[in-house]
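Letters go in sequence order (proteins before strands), and every chain restarts at 1.
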There are 2 protein chains.
Amino acid sequence: MPLLMLKDLPRYECLLEAVRRHPDLDPSACEAYLNLLRAGDEAYQRSENFLSKHDMSPGRFTVMMLLYDKMAGKAIPTTPADLADKAGVTRATITGLVDTLERDGLVVREHDPRDRRMMLVHLTPQGVSTLESILPGHFQQMAQQMAPLSQDERRTLVRLLNKLIGAPLPAAAVEAEPAAAAAHHS
Amino acid sequence: MPLLMLKDLPRYECLLEAVRRHPDLDPSACEAYLNLLRAGDEAYQRSENFLSKHDMSPGRFTVMMLLYDKMAGKAIPTTPADLADKAGVTRATITGLVDTLERDGLVVREHDPRDRRMMLVHLTPQGVSTLESILPGHFQQMAQQMAPLSQDERRTLVRLLNKLIGAPLPAAAVEAEPAAAAAHHS
DNA sequence: AAGCAATGATTAGCCTCCTAATTAGTTCCT
DNA sequence: AGGAACTAATTAGGAGGCTAATCATTGCTT
């Protein structure tokens, strides 16, 4: 949830004024950027707030969703490394999340019999039923958050956001950074 | 930076398929929601990444910006409570951030002479110059992130996001309220 | 067959955020 | 004047991120 942002976004006129002292400031970019962060943060926090009522955090929920076979309602055994990869966090983070999920009886770890370096994590029956008790509310919650937009507006929003997602940064201009972070070496 | 989300967003067909088992799922809402979170997170992380090169975090940066008089380039003394309020975090969080900023010589704390319960935090000259050395890059960074969108698209995006920001939640339905989905009482 | 590099998971230590409890100082009320 | 109630800031402890270092197992190489 940790965003930490301005509670009140600056008005557009203020941005225009600020350009006088800061010629690098692009008012329309800044406005779009701040609103994007604000909207994303708000959506995130609302979900987090919903999940917390079920003793769940976004991280825990994500892990459980990854272990859950949506169609069959079954548990899929998965390695921590795979979970980390799919969730987009480090393995160390997965270790911590699985620790608490296991403590709460929602998942179990066991050694992969073929390669004892690996663990296999999967939902317990209790984990499955807990997850299934949360999902309907979670879906409703998403639907409510997007309720202010019509189908058409949602399509437009998705189209615009997709222009931003994964857009390659000019990299050179962001900072003198030769071939480091943007490279394909994750 | 802590978001923890699916690295690969589900394709729309998958969402349609999932509706079969989960009737509460609204595919277009879900798609819009996931893309919003993804785009917001990506923008946030890029900024965080930029700031970290200057030994700065979003939290530290926000505090410094709040202490900075944009027009005059001066330091504005502010109480921790006021900072917490404007930044949208708790006072305890501000205490921690100001601790490290003070340790690094970027801000100073002093007692308010009128009311010794209160502290006044303000930027040091070093804090001002550090901030001013970061700002141009920060502004460029925002501009680059929004570069894929035209002026018109930015306006549209802001308009759509504003429909979401601060939209009142039906509240009743978000709470644990299973069957009565259609009934919105307030 | 023994050693060494690679791979998977964990641990350790740090940061930012939270809530709840504590400490310090002010104000208000007889 | 002396407490009671309030308000500001901090501390304590927890969660979830991160990176870097460590431990365990595998498998390759000689």
Interatomic distance, [X] [atom1] vs [N] [atom2] [rounded to whole Å]:
X: B/Gln45; N: C/dC15; atom1: CD; atom2: C1'; result: 15 Å
X: B/Asp112; N: C/dA24; atom1: CG; atom2: P; result: 19 Å
X: B/Glu102; N: D/dT10; atom1: CD; atom2: P; result: 9 Å
X: A/Arg114; N: D/dG27; atom1: CZ; atom2: C1'; result: 17 Å
X: B/Arg103; N: D/dT10; atom1: CZ; atom2: P; result: 15 Å
X: A/Leu83; N: C/dA9; atom1: CG; atom2: P; result: 9 Å
X: B/Asp104; N: C/dC14; atom1: CG; atom2: P; result: 15 Å
X: A/Leu101; N: D/dA15; atom1: CG; atom2: P; result: 12 Å

Could you list the protein-to-nucleotides 6-9 of chain D atom pairs, N/O on both sides, closer than 3.5 Å?
| residue | atom | partner | partner atom | Å |
| --- | --- | --- | --- | --- |
| D/dT7 | O4' | B/Arg117 | NH1 | 3.4 |
| D/dT7 | O2 | B/Arg117 | NH1 | 3.3 |
| D/dA8 | OP2 | B/Arg91 | NH2 | 3.4 |
| D/dA9 | OP1 | B/Met119 | N | 3.3 |
| D/dA9 | OP2 | B/Ala81 | N | 2.9 |

Any salt bridge (charged side-chain N to carboxylate O under 4.0 Å, His left out) pairs touching residues 123-141 of chain A, not counting sequence neighbours?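 For residues 123-141 of chain A: A/Glu132-B/Arg21.
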Short side-chain N/O contact from A/Ser57 to OP1 or OP2 of D/dA15, under 4.0 Å: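 Checking A/Ser57 against D/dA15: no side-chain N or O falls below 4.0 Å of OP1 or OP2.
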For D/dG17, does either OP1 or OP2 sit under 4.0 Å from a side-chain N or O belonging to A/Thr93?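 Answer no for this pair, as no side-chain N or O of A/Thr93 is under 4.0 Å from OP1 or OP2.
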Between A/His122 and A/Thr78, is there a side-chain heavy-atom distance shorter than 4.5 Å?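 Answer no - side chains too far apart.
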Apply ring pair (Phe, Tyr, Trp, His ring centres under 6.0 Å) to B/His138 and list each qualifying residue two or more places apart in sequence or on a separate chain.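 Per chain and number, B/His138 pairs via ring pair (Phe, Tyr, Trp, His ring centres under 6.0 Å) with B/Phe61.
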Restricting to side chain to side chain contact (heavy atoms under 4.5 Å, CB included), what partner residues turn up for [X], sequence neighbours left out?
X: A/Thr124; answer: A/Val108, A/Gln126
X: A/Met64; answer: A/Met56, A/Leu101, A/Leu106, A/Leu123, A/Leu131
X: B/Arg91; answer: B/Ala81, B/Ala84
X: B/Arg117; answer: B/Asp115

Whether the B/Glu48 and B/Ser57 side chains hold a donor-acceptor pair (N or O, under 3.5 Å, no angle test) is what I'd like checked.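 No pair is found: no donor N or O on one side chain lies under 3.5 Å from an acceptor on the other.
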Salt bridge (charged side-chain N to carboxylate O under 4.0 Å, His left out) involving B/Asp104 - partner list, sequence neighbours excluded: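 Listed in chain order: B/Arg60.
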Residue closer to the 5' end of DNA chain C, B/Ala92 versus B/Thr100 (nearest nucleotide):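 Residue closer to the 5' terminus by nearest nucleotide: B/Thr100.
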Enumerate all atom pairs, one protein N or O and one N or O from nucleotides 1-4 of chain D, separated by less than 3.5 Å.
none

When you match A/Met56 and B/Asp99 each to their closest nucleotide on DNA chain D, which lands nearer the 5' end?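 Taking each residue's closest nucleotide, the earlier one in sequence belongs to B/Asp99.
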